[in-house]
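Everything below concerns the one structure shown next.
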Amino acid sequence: MPAHYPFKEIEPKWQKYWDEHKLFLAPESPQKKYMVVPMFIYPSGDIHMGHFRNYTITDALARKKMMEGYEVMHPFGWDAFGLPAENAAIKLGIHPEAWTLKNIEISRETLKRIGICFDWTREVTTCLPDYYKWTEWMFLLMYKRGLAYRTMGKVNWCPKDKTVLANEQVVGGLCWRCDTPVETRELEQWYFKITAYAERLLADIDKLKGWPESVKTMQRNWIGKSTGLEIRFESENGVPLTVFTTRPDTVFGATFMVVAPEHPVLEKLPVPAGKKSEVKAYQEKSRRKTDIERTSAEREKDGVFTGAFALNPLNGEKIPIWMADYVLATYGTGMIMAVPAHDERDFEFAKKYNLPIRPVIAPMEGNVELPYTYTEKAKLINSGAFSDLPCEVGWQKIADKVEAEGKGRRKTEYRLRDWLISRQRYWGCPIPIIHCPKDGMVPVPEEELPVLLPKKVKSFIPEGRSPLADVPEFINTTCPKCNGPAKRDPDTMDTFLCSSWYLFRYADPKNEKAPFEPKKVNTWLPVDNYVGGIEHATGHLLYFRFFTKVLQDAGYVNFDEPARNLFNHGMVLDAQGRVMSKSLGNTVSPIEEIEKEGCDVLRLAMFFAAPSDKEMLWTTEGVLGQSRFLSRFWRLAQELKDYFKAPLHYKVDMHTSTEYDRALYKKLNWAIKKAAEDYADYQFNTVISAVMELLNTFGEVPKDSKVAHYALSKATQLLAPVAPHFSEEIWQILGHKPSILASGWPKHDQQALEETIMTLAVQINGRLRHTVTLPKTMPEVEILKHLQELPKLAPHFEGKSVVKSIYVPEKLINVVVR
RNA sequence: GCCGGAGUGGCGGAAUGGUAGACGCAAGGGACUUAAAAUCCCUCCCCGAUUCUUCGGGGUGCCGGUUCGAGUCCGGCCUCCGGCACCA
């Protein structure tokens, strides 16, 4: 173990200093703002290494910007509603609120202890009435704008626990708690009409210049835009059967139709009496399946023939209508034309039930192997007047004809579904709607918000409906319109609603009159840098963008995208490479190591172990190296504190200085330059190694050095974002005025990096043969001449002639000889 | 299956198309010490020579290509990790 620097004294000392001097409070009207935000967390217990990684990243970014003279907002909050609190209540007998607030206390203390520079005056806690009042307000905004609606929807239902389950609580079709097969139930649910924003959410992805490609791709796929054609088939008895297809070029290959079992049109089809019971049985069977079961691609498809037939509008062909649950009622029109020759799913189905398979697309050259799903270098066959057209042309021509004859129209479909936001749970934000037998659904007037969550409920154990439904003093109320008796909506909101607008609240966290003052939000947002894990790519980040657009449309904010830059840090895995999770019990708290080594050492170890965007295995092996590094730094500071003290802006004359000073000064400026580049790329690991290299350059320091003290001061500044307490202390030891955060950011002296001589790598035919030191000014021809005269290189030139040479100034020369 | 990301020493990792392995960990050797810890110095991808500090060859998952020059660019694979997965 190395001799520690006294981190136990200096860490609390500087935390106190920062606090007393209010260094981390974001001003109301910044001149040069920088808002950096880590994704807030669900307070499930204590902070682990994954959180530690996230917050040290934003902390370093925030501190770096402070040193560069920005006014920084670095806020934090708690995503405090949610299921685990109810589970804790059931298991431990503690009220969800008490459990949650206790956890927040613990986590906040931990975060303070690791010196994260949050502006705690802006803290938001989503489960407190001063916050959820405005979540309710957001709901009403959606409602007023026609973006919130209530309708019947399918949910997962565990018959043993008598509860609905979230999709993620259904594991392999079974309840996560009791392994009972999950059923599907129809319940009336609240939805947000995010699909109304599908096109904008998709198109504006192109504006997200500072977002990772991976997230943008995931969002594009999630929204899943497809352009195609709606075509109206007709049943024999004249019932229109409209299908959506992205392949109008294959219409002539439609050999049957498939309708989703829950499709209402089935009532109108001429199903022969003999088929009715079979159809009913299949519908019944499908209904019992969960969406998860139904959409599993591995399952073998099945279905039944309805006995009815339809007519193909293009060729008048009579084709059978089948019913199968591989067709989703919720996408397109809930029925399809099946083209087994050119669709894998239809092919599988046709094979199973011996339905005809007719190829209508063929490659320009070569043979067809069915199913043939390509469109490139392919043409139509067996398609009447359209035969021989290339696919793309046939696509358009058929679409044109269908539109011209009024049998359909071009259409864009999205995979994105509306957002189901209601939950039959206690620990969430109430839905501010009153159900009146006379007036129907009536929104709670804004001045009556918040609808408070009652503290006392009969039981937290879910009975299949919200526990709030069983609290008479909550559920029974009067209608705001007619004053007659009415009932409150018993459901609570999905917690993703709470997290869809919390960043806006940071700009105006104490506002009692509104969720925020638009001016304040427009001052601080869009967020300059939003940092978190990739797991929120298609959930939270999409909802957050959706809310922003709605708030813009409603005139509350003047921007259409909430975050200029998004950074995804890599996951922290345990030493065996497994994801750290509570259920595996392999989470590691940073606290133990912090007590042994200090939190700056742990921060450095974290940063140094891997680039921030890559996943990392957490082991304590690297900790020792960082401990040694800071200890050496510390000892050097003690040694140099009384050496020549240069001013903070200082240039060394490269001609008159000692060789030692020149070399150190050069390395210093190299490090300053490198650190600037690497900080900008989130490459904290190489920032640290650059400072290590600089430290290694000090060696035995001559007493008369005019640079050593200066270089160490600058090195301290470079380290300040990643090792904040340590840097403050060294800064003071070296005789500078605190805080180092106010000391400015070092700029490199280009002159120091400019040399008159260069070290040149010499390649002969692309292979490294030698390195030479030559004056920078030497022209290529002379270098070449010089090389040919070197005895060491003589064997390479012997009996050969120089064909050409490639000279990369100051780096390398490649001589091609033959 | 589709979409991302990644494969470099014993390990974590570094390298604007230009000297592969920076920086650190581990390991081995040495100095200091009564001893240990701490600290400092040296060695540390593989093979072969060697006057002992140099030289030659090979080497960044595999196979090709482009280039004076490829870890880096292009094409085709393999493996691992994430995400999505019957969306017509």
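Per chain, numbering begins at 1; letters A, B, ... match sequence-line order.
- Summarising the local packing, NZ of A/K776 is surrounded by more than 12 heavy atoms from other residues, nucleotides or ligands at distances under 6.0 Å.
- Within the structure, every side-chain polar atom (N or O) of A/R767 is placed at least 4.0 Å from both OP1 and OP2 of B/rA70.
- From A/L602, atom CG reaches atom CZ of A/F7 across 10.5 Å, with rounding to the nearest 0.5 Å.
- Between the CZ atom of A/F698 and the P atom of B/rC40 there is a distance of 15 Å, rounded to whole Å.
- By the neighbour-count criterion of 12 heavy atoms within 6.0 Å, atom CD of A/E262 is densely surrounded, having more than that number from other residues, nucleotides or ligands.
- Residue A/N568 places no side-chain N or O under 4.0 Å from the OP1 or OP2 atom of B/rG5.
- In this entry the base of B/rG9 is syn relative to its sugar, with a glycosidic angle within 90° of 0.
- A cation-pi arrangement, defined by a distance under 6.0 Å to the six-membered ring centre and an angle within 45 degrees of its axis, is absent between A/K301 and A/F349.
- Side-chain proximity of A/N696 to the nucleotides B/rC23, B/rC68, B/rA88 is greatest for B/rC23.
- Open room surrounds CD on A/E344; 12 or fewer heavy atoms of other groups in view lie less than 6.0 Å from it.
- Comparing B/rA88, B/rC40, B/rC23 by their nearest atom to the side chain of A/R635 picks out B/rC40.
- Within 4.0 Å of A/Q763, counting heavy atoms only, lies at least one base atom of the nucleic acid.
- Within the nucleic acid shown, A/S226 comes within 4.0 Å of sugar-phosphate atoms alone, with no base atom in reach, counting heavy atoms only.
- Put simply, A/R769 has a side-chain N or O that comes within less than 4.0 Å of OP1 or OP2 on B/rG56.
- Counting non-hydrogen atoms under 4.0 angstrom, A/R632 reaches the backbone sugars and phosphates but no base.
- One cannot find a donor-acceptor pair under 3.5 Å joining the base of B/rC68 and the side-chain atoms of A/K804.
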Each nucleotide of nucleotides 41-51 of chain B classed B (base within 4.0 Å of a protein heavy atom), S (only sugar-phosphate) or -, in 5' to 3' order, makes -----------

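- Considering every non-hydrogen atom in both A/T333 and A/V243, the closest pair reads OG1-CA, 3.4 Å.
- Counting any heavy atom pair closer than 4.0 Å across all strands shown, A/T771 reaches a base atom.
- Nucleic acid contact class of A/N221 (heavy atoms, under 4.0 Å, all strands): sugar-phosphate only.
- More than 12 heavy atoms of other residues, nucleotides or ligands shown are found within 6.0 angstrom of NZ on A/K352.
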5' to 3', nucleotides 8-16 of chain B under a 4.0 Å protein heavy-atom cut-off (B base, S sugar-phosphate only, - none) gives ----BSS-B

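- A/L694 has its side chain within reach of A/L664: a pair of non-hydrogen atoms, C-beta onward, lies under 4.5 Å apart.
- Nearest nucleotide to the A/L812 side chain, out of B/rG83, B/rG18, B/rC84: B/rG18.
- Taking side-chain N and O atoms only, A/R628 has no distance below 4.0 Å to OP1 or OP2 of B/rA38.
- B/rC23: Watson-Crick or G-U partner is B/rG12, with both key distances under 3.5 Å.
- Within the nucleic acid shown, A/R417 comes within 4.0 Å of at least one base atom, counting heavy atoms only.
- Of the listed nucleotides (B/rU39, B/rC86, B/rA88), B/rA88 has the atom at the smallest distance from the side chain of A/V327.
- Here the nucleotide nearest the side chain of A/V816, chosen from B/rC84, B/rC23, B/rC68, is B/rC68.
- Listed pair A/R415 / B/rA85 meets the phosphate criterion, a side-chain N or O lying under 4.0 Å from OP1 or OP2.
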